[in-house]
Amino acid sequence: MDAQGRGRADNIDPADQWVLNPNTGEYELRLTPSAPQSPVPGPRRPASPGAGAGGTRETAGPEIPGQRRRRAEPEPPAGRRSRRQPVKKKSKAKKVLLWTGGTMAFVLVAASATAYLYIKHLNDNITSVSDDGASTGGFSKDKAINLLIIGTDKRTGSGNEGYGDAGSVGHADTTILLHISKDRSNATALSIPRDLIVNVPDCQTQQSDGSEKVIAGTENVRFNTSLGQDGRTASCTVRTVTELTGIQADNFMVADFNAVKTLTDAVDGVEVCLGKDIDDKQSHLKLSKGTHKISGETALAFVRTRHSVGFGGDLSRIQLQQQFLSALMRKLSSNSTLTSPTKLLKLAEVGTKALTVDSQLDSIGKLKDLGLELGKLNPKNLTFTTIPVLDNPAEKVKATVVLNETKAPAVFQAIKDDVSFTAVKKKQAQAGKDAAAARLEGSKSAASAVRVRILNGGAPPGSAQETLSWLQNQEGVLKSENAGNADAELSKTTLEYAPDQADQARELASLMGLSGSAMKPGKSVVNSQGLPAITLTLGKDFQGAGVSLTTPTTAPDVDSKTTADKVTCAK
């Protein structure tokens, strides 16, 4: 075939072969891969008859037989580019990126709005009451935490008609002082019997109308009357616990019958164990011997039964309640709960509705922070025990109990000293403890050779003079003097001495009952006679002359205790 025939056969249309040259930014005609390319536009021809004022523009170069001319286009007005001028378009990738980014932004905004609304909803669920200045003002993340948990016998909500005293104003039916150690390695849950005879102090309370009222205290009454009786609020129970134990709560929570039912439903039940069959008509608990998964009404009946276990009293019921709380603790810390968003949201919903908290815990953020601290605990290091008590000797028919003055103070002191009731490996460096203990080892001088200046650095007023009199009159430390108040208050009593005074320091530490950590190697000072002396600074831990300041490293023995990781079958 000749060229004309090949052109027709290949059906090449030059108008369809204009392509953009990326190097020049112009369109070029590409006839065949080997054909020369001519730039656009070419020389302008005269306007044909009948053309518009702007004339027309045609393809440059001679006409090629067998090929159609490029269709003429109107000449664009001066200063304007041809319609063939390339238009920069967004790439497909950029379109996708922009669309995705916009969508994500919308989702994030929507999610943030939803989260805000849900958090606001949870905050609205929370019921808080004033702590009336009875607590420390709230827990701290860098300190030990004391949380008072109060369960009332107030019947609120439908389905509770058959439980408790129909006319109860909501007494402190179940009370636990939960102490979480400073390093979060252990905790102690101390149950306070409802029938323990105590003195309820005067209590300043904020009434529902916002007014302030001081409710007079009463002596030798049941502990449970610290709440509800005579209009007392939960802050009165906090004050009563402080007077009883010497431990001031940081925060408190109050729960009624409904809390037990809704919380156990939210975690899909907890497992408890009975050592015998129980059919208690009063609490409505009917379970056979063995392990059971309980929730709702059955869980409430379980924590309220007492006539069918132990001796049928409140102390026997406390053991059931401790078993129940241990089971709840295990369930809350289990993977089945922590890894389930549905359960966690349900817990947040139920928990904020079920509990009444003090005014320092009145937001979901504060409750979350407290929950995070509690979540650091290992159930095996959470010990449940009860205040040591004795039957009330004043009663012929035993109905109440009194404090065991022989055992209880040691339990209270162990909690105040942050001593664990379980064997816990502390995070402190052993080398540091060994070094402190070594300061007590070595020779000691005679008491008459000890020359010491005594400062009050946070102890009660008069403590320095009290210690001076005791050392001189009873211990033979005649070279001692009262140097007044220290420049700053100390939480712990300290004894500072120079290296050549170590034997004097060891003797005084022995007399005072100081631990090695209280001894501070440092420098000597000059007393009022211009002679070198050691310095004894009495801190806030000072409890009186002759009272040992050595903190026990082990908790005292208690009549009964269990840890949250164990299942104990009630009998």
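Computed from a predicted structure; not experimentally measured.
With salt bridges taken as basic N to acidic carboxylate O contacts below 4.0 Å, one links D173 and R194. A salt bridge links E297 and K261; the closest N-O separation between the charged side-chain nitrogens and carboxylate oxygens is under 4.0 Å. For the pair R239 and D202, the salt-bridge criterion is not met [side-chain N within less than 4.0 Å of a carboxylate O]. Using a cutoff of 4.0 Å between basic side-chain nitrogens and carboxylate oxygens, E496 and K520 are not scored as salt-bridged. Using a 4.0 Å cut-off between charged side-chain N and carboxylate O, D132 and K213 make no salt bridge. With respect to D314 and R317, a salt bridge is recorded, a charged nitrogen being found less than 4.0 Å from a carboxylate O.
Listed for the T352 side chain is a donor-acceptor partner under 3.5 Å among the backbone atoms of A348. A donor-acceptor distance shorter than 3.5 angstrom exists from the side chain of R330 to the backbone of A564, with no hydrogens or angles considered. K331 places a side-chain N or O within 3.5 Å of a backbone atom of V267 that can act as its donor or acceptor partner. Between the side chain of R232 and the backbone N or O of T225 there is at least one donor-acceptor pair closer than 3.5 Å. In terms of modelled atom types and a separation under 3.5 Å, the side chain of D280 and the main chain of Q282 share a donor-acceptor contact. Looking at N456, its side chain does come within 3.5 Å of a backbone N or O of P460 through a donor-acceptor pair.
Side-chain contact annotation: T264 with S295, donor-acceptor N/O pair under 3.5 Å absent. Donor-acceptor pairing under 3.5 Å is lacking for the side chains of T383 and T385. For the residue pair D250 and T136, a side-chain donor N or O sits within less than 3.5 Å of a side-chain acceptor on the partner. A donor-acceptor contact under 3.5 angstrom links the side chains of T305 and S283, judged on distance only. Q229 and H171 are linked by a side-chain donor-acceptor pair at a separation below 3.5 angstrom, with hydrogens and angles left out of the test. Judged purely by distance below 3.5 Å, without hydrogens or angles, the side chains of T174 and Q321 pair a donor atom with an acceptor atom. Looking only at atom types and distance, the side chain of T493 has a donor-acceptor partner in the side chain of D541 under 3.5 Å away. Donor-acceptor pairing under 3.5 Å is recorded for the side chains of Q207 and T205. Side-chain contact check for S128 and D362: no donor-acceptor pair (N or O, by modelled atom type) lies under 3.5 Å. Between the side chains of H179 and D418, at least one donor-acceptor pair of N or O atoms lies under 3.5 Å. A donor atom on one side chain and an acceptor atom on the other are found under 3.5 Å apart for N251 and D358.
A heavy-atom distance below 4.5 Å is found between the side chains of L347 and L332.
Paired with L536 under the rule side-chain contact (heavy atoms from CB on, under 4.5 Å), one option of L514, T494, L468 passes, and it is L514.
Every residue meeting the side-chain contact (heavy atoms from CB on, under 4.5 Å) condition with C569, not counting sequence neighbours, appears here in chain and number order: C273. Take N392 and apply the side chain to side chain donor-acceptor pair (under 3.5 Å) test, not counting sequence neighbours, and it matches T400.
Between S420 and T422, the shortest heavy-atom contact is OG-O, 2.7 Å. Of all heavy-atom pairs between A172 and F223, the closest is CB-CE2, 4.2 Å. Closest approach of S130 and Q206 over heavy atoms only: CB-OE1, 3.8 Å.
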**OP:** Walk me through it: do K540 and E489 pass the test salt bridge (charged side-chain N to carboxylate O under 4.0 Å, His left out)?
**Re:** CA-CA 8 Å; K540 294 180 180 179; E489 291 189 352; 3.5 Å; yes
